[in-house]
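The structure appears right after this line, and notes come after that.
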Amino acid sequence: MNFFYTSVYTSHLSHLILAITTCLCLFVSSVNAEEVKSQEAIFTDAFDGSPIKTPLKDGEEETPALKEFKATSVNPYLGNEEAIAKGKAVYEAWCVACHDVGAKGKMGPSLVGKTFKYPQTANDVGMFAVIYNGASGAMQAFSKREITQDEILKLISYIRSITPQ
Amino acid sequence: MSKRIVVALLASALCSWAIAQPSIPTKPTEVARPGGKIPGAPKLALVKIADGFNDPVGVTAGNDGSGRIFVTERVGKVRIVNKDGSVQKEPFLDLTNFNPLGTDVATGFVEQGLWSIAFHPKFKENGYVFVHYSSLPFNGASLVMRFTVDKASPNIISKDQLTKSAKGIMNIPQPYYNHYGGMITFGADGLLYIGKGDGGWEGDPLNAGQNLNSLLSKILRIDVDTADDVAYRIPKTNPLAKADKTQLMSLFGITEEGFTANQIGSRPETWSYGLRNPYSFHFNQRNNDLFIADVGQNHWEEINWQPASSKGGENYGWKHNQGSHCHPATADNNCPIVGTLPVAEYPHGTPYEGGPKTVGPQGCSVQGLGVANYGGLKDTYLSGDWCSGHLFGTAWDEGAKKWNLQDFGQTKLQFTSGNLDADGNVLAVNCYCFYTDDKGPIANPKGALWRILPAEKVPKGAEVAPIRQI
């Protein structure tokens, strides 16, 4: 019984803390977008905004970087030269034909600058969702291809490293 | 009512009928671009019929009353979709294994493969089917072949039957591995029409578009109702039917127009030319008009239209023009328009190299799907873009006396082709095959077959493709 009441109390306290945290987050988000990045990643469909899941493929490893990204929305590979180099190789294998050298856009839209075809691409969680889940036409879901989620993070780190043309 | 009044009324009706005919644009400003609205057009939906196809790149409905739909898989197989949506496990036709040497189909590049199947107008009686594909043993040449279905085995052409009944119709050497064209279909005239691209590379290095001595860059028209030892015959009404015939020299007593029209040495199979890559084209079953979806170069996709009254011989301008624009496309766009303008066009990401980013519907490869005459649509050519997933409709607006290009929304699909089902509804197929991530015709994610219906007619519980309006 005692445990029960303690649990209820704890539960109420948790809700209170959660509510305060949420309010704080909402307030902070209105003044400091950087703070939002430290939240658990919520991936959404670029088409209709519906939430999407990002399960790993059979045998695919959840690297520490991927785990951190999903927990915090922050891409640990940003600015990491080694990861950027690997991301560039991924870009040249899968993306360059449509998005062109320097990601400035060709058949596919530009991935640099401040304006994106899909606004969610402006942040790494949104870009991850577009790559993983696809968008329209030839921008297919790369989760169906031989590319890992960790490679998607490295790919994003490369794209973010490009100076807007 | 006096005879005079009746005659006057008839004349008036005839005049109205004559006026009601669409017209081909005579200047670029008359060519429709995205932003148009087709009067009476409903909101459209794509309803899934079946899936699990390996790179489906063509679809044709059987014309034998069976309700079967035949989906061509790029690898070299034709799959049957039954009326209930079930897909027959065994292929109807298989070009990959009738020969111990291996497949007959070249598929190394994503534009290669088995593109289309056409049923002879009298298929029910003679069992003739025609296919068009890139041949591996002929080093990637375009092959049009005829096979005969054994009436005792209507759903499967066995290896033996395939080999025994094979008749070569046409072999067109292919200089490069892209811009093949692909679709073949019969017109109401009983003749076989073949869409043939400019043979590839980029920018038409062979000048095939304007070369009448080549089978490339054309819609070809041939008569396949010939004896078994005659591949095909040139229809006498082809625009260049006599161009390859030996003729007496005529220099005097003939006008310049006269000997220009002779076009000596031209390929008599030509129906129309100046097309870059007419992968798909469709007749309007209501009136036999012809629409051609011509895949563009870097900047513009175009839809061409020929009235049923056309005698052929249209020049659609490639490589001088793409759409109503110059090729190469430039900012000043200052060049002559060669031949016949398209009725509609839409841009890629930029209208010319270094130009402003396109805002609104765009694409990079137009695929014709079929002419819709249902649900509020009339004489409307539906097309989908392989790259952007946009679904477009092209139609003449009699009230406004202009062509409209309406965007019905953007899908997640890579459209590859389409056709009509037995009820006249437009079908579409999509693949997950593209230049960069092509893992081969059986390794790519599976594609699907869709039926395009007015949104309000979607059957309860049916799976529909997401469409967003932009």
Side-chain angles (χ1 to χ4, degrees), chain A residues 44-52 57 88-121 129-148 151-152 155 159 164-165, chain B residues 55 110 295-299 301 347-350 353-367 383-392 407 409-416 428 430-440 443-447 464-470:
Chain A
T44 55
D45 187 297
F47 235 60
D48 57 16
S50 61
I52 58 165
K57 285 180 236 179
K88 184 170 187 284
V90 173
Y91 183 85
E92 287 167 355
W94 298 92
C95 319
V96 71
C98 291
H99 295 284
D100 209 353
V101 176
K104 58 181 180 285
K106 195 175 175 183
M107 284 185 283
S110 167
L111 303 174
V112 294
K114 292 180 179 173
T115 309
F116 296 93
K117 177 169 182 178
Y118 299 102
Q120 70 179 50
T121 317
V130 172
I131 298 168
Y132 181 90
N133 190 52
S136 59
M139 185 56 206
Q140 293 299 326
F142 278 82
S143 56
K144 294 179 179 177
R145 301 287 184 175
E146 297 79 22
I147 182 170
T148 66
E151 286 173 322
I152 293 176
L155 170 61
I159 294 169
Q165 301 296 304
Chain B
D55 286 7
V110 73
V295 180
Q297 186 63 56
N298 288 18
H299 298 287
E301 301 300 302
H348 292 204
T350 59
E353 200 64 40
K357 298 283 183 194
T358 300
V359 177
Q362 56 187 279
C364 89
S365 180
V366 63
Q367 311 298 316
S383 57
D385 192 87
W386 188 44
C387 307
S388 70
H390 275 279
L391 177 65
F392 293 106
D407 172 37
Q410 189 174 29
T411 72
K412 293 185 171 187
L413 306 177
Q414 278 183 269
F415 291 103
T416 48
N430 77 290
C431 74
Y432 292 89
C433 50
F434 203 59
Y435 298 121
T436 48
D437 45 9
D438 178 30
K439 296 302 175 192
N444 290 322
K446 311 294 183 196
V464 296
I467 299 184
R468 71 179 196 134
Q469 309 299 325
I470 61 169

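Residue numbers begin at 1 in each chain, while the letters A, B, ... track the order of the sequences.
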Of all the heavy-atom pairs spanning A:K117 and B:Q410, show the shortest one and how long it is. NZ-NE2, 3.2 Å
Student check: side-chain heavy atoms of A:S136 and B:H390 closer than 4.5 Å: no
Side chain, backbone, both or neither: which part of B:N430 has a non-hydrogen atom closer than 4.5 Å to chain A? neither
Reported CD-to-SG distance for the pair A:Q140 and B:C431, which is rounded to 0.5 angstrom: 8.0 Å
For atom NZ of B:K446, is the number of surrounding heavy atoms from other residues, nucleotides or ligands below 6.0 Å larger than 12? yes
Can you tell which of B:G349, B:P445, B:G389, B:S365 has the highest number of heavy-atom pairs within less than 4.5 Å of chain A? B:P445
Do you know the tightest heavy-atom contact between B:P466 and A:F47? O-CE2, 3.7 Å
Show the nearest heavy-atom pair for residues B:C387 and A:M107, with the distance to one decimal. SG-SD, 4.4 Å
Portion of A:A97 that has a non-hydrogen atom of chain B nearer than 4.5 angstrom: both
Chain B heavy atoms under 4.5 Å from A:A141: which part of the residue, side chain, backbone, both or neither? neither
Hey, what do you get for NZ (A:K106) to OG1 (B:T350), rounding to the nearest 0.5 Å? 10.5 Å
For residues B:K357 and A:G105, report the shortest heavy-atom separation together with the two atoms involved. NZ-O, 4.1 Å
Cut-off 4.5 Å, heavy atoms of chain B, and the answer for A:D48 is neither
Where does B:F434 contact chain A at under 4.5 Å (heavy atoms): side chain, backbone, both or neither? side chain
Do the non-hydrogen side-chain atoms of B:K412 and A:D45 ever get within less than 4.5 Å of each other? yes
